[in-house]
Student: 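Let me give you the structure first, and then I'll get to my questions.
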2 protein chains.
Amino acid sequence: MRAAADILRQHRLPVTAQRVAVLSEVSRRPHATADEIAEGVRVELGSISRQSVYNVLTVLTDKGIIRRIQPADSAARYEDRVGDNHHHLVCRACGHTQDVCCAKGHAPCLTAHDHHGFAIDEAEVIYWGLCPACQRKPKR
Amino acid sequence: MRAAADILRQHRLPVTAQRVAVLSEVSRRPHATADEIAEGVRVELGSISRQSVYNVLTVLTDKGIIRRIQPADSAARYEDRVGDNHHHLVCRACGHTQDVCCAKGHAPCLTAHDHHGFAIDEAEVIYWGLCPACQRKPKR
DNA sequence: AAAAGATTTTGACATTGTCCAAATCACCGG
DNA sequence: CCGGTGATTTGGACAATGTCAAAATCTTTT
């Protein structure tokens, strides 16, 4: 992946330390929450306000540089991998999130046959289950 | 649908006015949020505490009597229709939610081909777009 | 180097939920 | 039909995740 600063410039976004750090963090640790990203950025930058993390994540999402996913029972998560058709595997126990390719290329069954007049622009798929680690833990 | 009280008894749940009212409301108005349900129940019962609405919704969900769905950017919504394999169409603008049958019967493509060791128990699909009404409104 | 405009910060506030203890209610047995 | 008992409901505090707005600071550009 190109340097964060270049990506920002390419999108005509003023390059600030906060933006570079947040984007790098999203790239380094996919599927992290805003809070986790803030922590990671603080290691690098010393500090960043909570609001700035949200500001940056919002502008990056709006530009299509990153993607926001919001599984149930979890704060929003962000990822760097955009533009391809991939979905997610989420662990019900620990929230661990993993990318999965769409099962059948162009998702034959992801076009609702009766769309009730909706103008559909995205089919979001989340597979729920237990990750390998949580399967081994004693049930609660 | 059977009377709410019967359903509760069938699941060995003590029948309370709050439970009957909440369950009826979920049944009458599918995809409502906890807050909307509370409002509806108050019309019938005069009052109900916020906590009770959550308590009832939780116990009904745990018993499998209702289902909770949590689309991004929305409070959790509840529905009465359980046990069948249906998904949702959600309007990005107004949040209006509509049921849709799975496009291909038993969802051939809803088994991720590489599940990374996860024990998958559900494939959740949400189609995002604009509902007919919001398509007609001026863009924001 | 300075001006102009955008970004960051700070602190308050909103929404959705959860926790806990006290009061109340539903159901069972006598 | 009436208590007793255990479950449910309530009220109030609290937590997590975001958003809003205004002042301070930084990036870019001239």
Side-chain angles (χ1 to χ4, degrees), chain A residues 3-23 25 31-42 44-63 65-66 68-78 94-95 97 140, chain B residues 3-23 25 31-39 41-42 44-63 65-66 68-78 95 97 140:
Chain A
D6 288 342
I7 296 176
L8 293 171
R9 268 186 284 266
Q10 202 151 30
H11 286 267
R12 307 289 139 85
L13 289 173
V15 176
T16 67
Q18 290 85 345
R19 283 177 175 167
V20 170
V22 167
L23 179 48
E25 188 64 21
H31 310 131
T33 62
D35 228 47
E36 290 165 349
I37 291 165
E39 281 172 36
V41 168
R42 288 195 184 106
E44 228 180 295
L45 246 51
S47 79
I48 189 173
S49 69
R50 202 161 61 101
Q51 185 61 58
S52 290
V53 174
Y54 281 110
N55 287 347
V56 173
L57 290 172
T58 299
V59 75
L60 294 179
T61 301
D62 289 348
K63 290 288 184 178
I65 298 170
I66 62 176
R68 170 191 283 129
I69 57 179
Q70 296 172 257
D73 301 315
S74 158
R77 293 172 183 276
Y78 297 84
C94 70
T97 304
R140 280 174 301 179
Chain B
D6 289 342
I7 296 177
L8 293 171
R9 268 186 285 266
Q10 203 151 30
H11 286 267
R12 309 288 138 86
L13 288 173
V15 176
T16 66
Q18 290 86 344
R19 283 177 176 168
V20 169
V22 167
L23 179 47
E25 188 65 21
H31 310 131
T33 61
D35 227 47
E36 291 164 350
I37 292 165
E39 281 172 35
V41 168
R42 289 195 183 106
E44 228 180 293
L45 247 49
S47 79
I48 188 173
S49 70
R50 203 162 61 103
Q51 185 60 59
S52 289
V53 174
Y54 281 110
N55 287 347
V56 174
L57 290 172
T58 299
V59 75
L60 294 179
T61 300
D62 288 349
K63 290 287 184 179
I65 299 170
I66 63 176
R68 170 190 285 130
I69 58 179
Q70 295 172 258
D73 300 316
S74 158
R77 293 171 184 276
Y78 297 84
T97 303
R140 281 175 299 180

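Labels below follow one simple rule: chain letters A, B, ... track the order of the sequence lines, proteins then strands, and each chain is numbered from 1. Since the structure is predicted, the reported quantities are computational estimates derived from the model, not experimental observations.
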Student: Roughly how many Å is it from CG in Asp73(A) to C1' in dT17(D), rounded to a whole number?
Tutor: 14 Å
Student: Closest approach to the side chain of Gln18(A), judged atom by atom: which nucleotide of dA6(C), dT8(C), dA12(C) is it?
Tutor: dT8(C)
Student: What are the two closest heavy atoms between Ala76(B) and Arg68(B), and how far apart are they?
Tutor: CB-CG, 4.0 Å
Student: Measure the distance from CG on Leu8(A) to P on dT27(D) and round it to the nearest whole Å.
Tutor: 13 Å
Student: Counting only side-chain N and O atoms of Ser52(A), is one of them less than 4.0 Å from OP1 or OP2 of dT8(C)?
Tutor: no
Student: Whole angstroms only, please: what is the OH-C1' distance between Tyr54(A) and dA21(D)?
Tutor: 18 Å
Student: For the residue pair Val41(A) and Val53(A), establish whether any side-chain heavy-atom pair is separated by less than 4.5 Å.
Tutor: no
Student: Over how many whole Å does the gap from Arg77(A) atom CZ to dA16(D) atom C1' extend?
Tutor: 14 Å
Student: Does a side-chain N or O from Thr16(A) land closer than 4.0 Å to OP1 or OP2 of dT8(C), or not?
Tutor: yes
Student: Rounded to the Å, how far apart are Ile48(A) CD1 and dC26(D) C1'?
Tutor: 14 Å
Student: Distance check needed: dT16(C) C1' versus Glu36(B) CD, whole Å only.
Tutor: 13 Å
Student: Looking at dT27(D), dT17(D), dT16(C), which one has an atom nearest to any side-chain atom of Ala75(A)?
Tutor: dT17(D)
Student: What is the distance, to the nearest angstrom, from the CG atom on Leu45(A) to the C1' atom on dT25(D)?
Tutor: 15 Å
Student: Among dT16(C), dT9(D), dT8(C), which nucleotide has an atom closest to any side-chain atom of Asn55(A)?
Tutor: dT8(C)
Student: If you pin Arg68(B) and Arg9(B) to their nearest nucleotides in DNA chain C, which one's is more 5'?
Tutor: Arg68(B)
Student: Just compare dT28(D), dT17(D), dT10(D) and give me whichever is closest to any side-chain atom of Val15(A).
Tutor: dT28(D)
Student: Could you tell me which non-hydrogen atom of Ser47(B) sits nearest to which non-hydrogen atom of Arg42(B), and how far apart they are?
Tutor: CA-CG, 4.0 Å
Student: If you take atom types as modelled and just measure distance, does the side chain of Arg50(B) reach the base of dG17(C) with a donor-acceptor pair under 3.5 Å?
Tutor: yes
Student: For Ser74(A) and Arg77(A), work out which heavy atoms get closest and say how close.
Tutor: OG-NE, 3.1 Å
Student: From the options dG12(D), dG18(D), dG17(C), select the nucleotide whose nearest atom is closest to the side chain of Gln51(B).
Tutor: dG12(D)
Student: May I have the step-by-step check of side-chain contact (heavy atoms from CB on, under 4.5 Å) for Val59(A) and Arg19(A), ending in yes or no?
Tutor: CA-CA 9 Å; Val59(A) 75; Arg19(A) 283 177 175 167; 4.2 Å; yes
Student: Hey, which sits more toward the 5' end of DNA chain C by its nearest nucleotide, Gln70(B) or Ala17(B)?
Tutor: Gln70(B)
Student: Between dT8(C), dT17(D), dT9(D), which one does the side chain of Arg19(A) approach most closely?
Tutor: dT8(C)
Student: Measuring from the side chain of Pro14(A) (C-beta onward, heavy atoms only), which nucleotide among dT18(C), dA6(C), dA26(C) has the closest atom?
Tutor: dA6(C)
Student: How many whole angstroms separate atom CG of Leu57(B) from atom C1' of dT9(D)?
Tutor: 14 Å
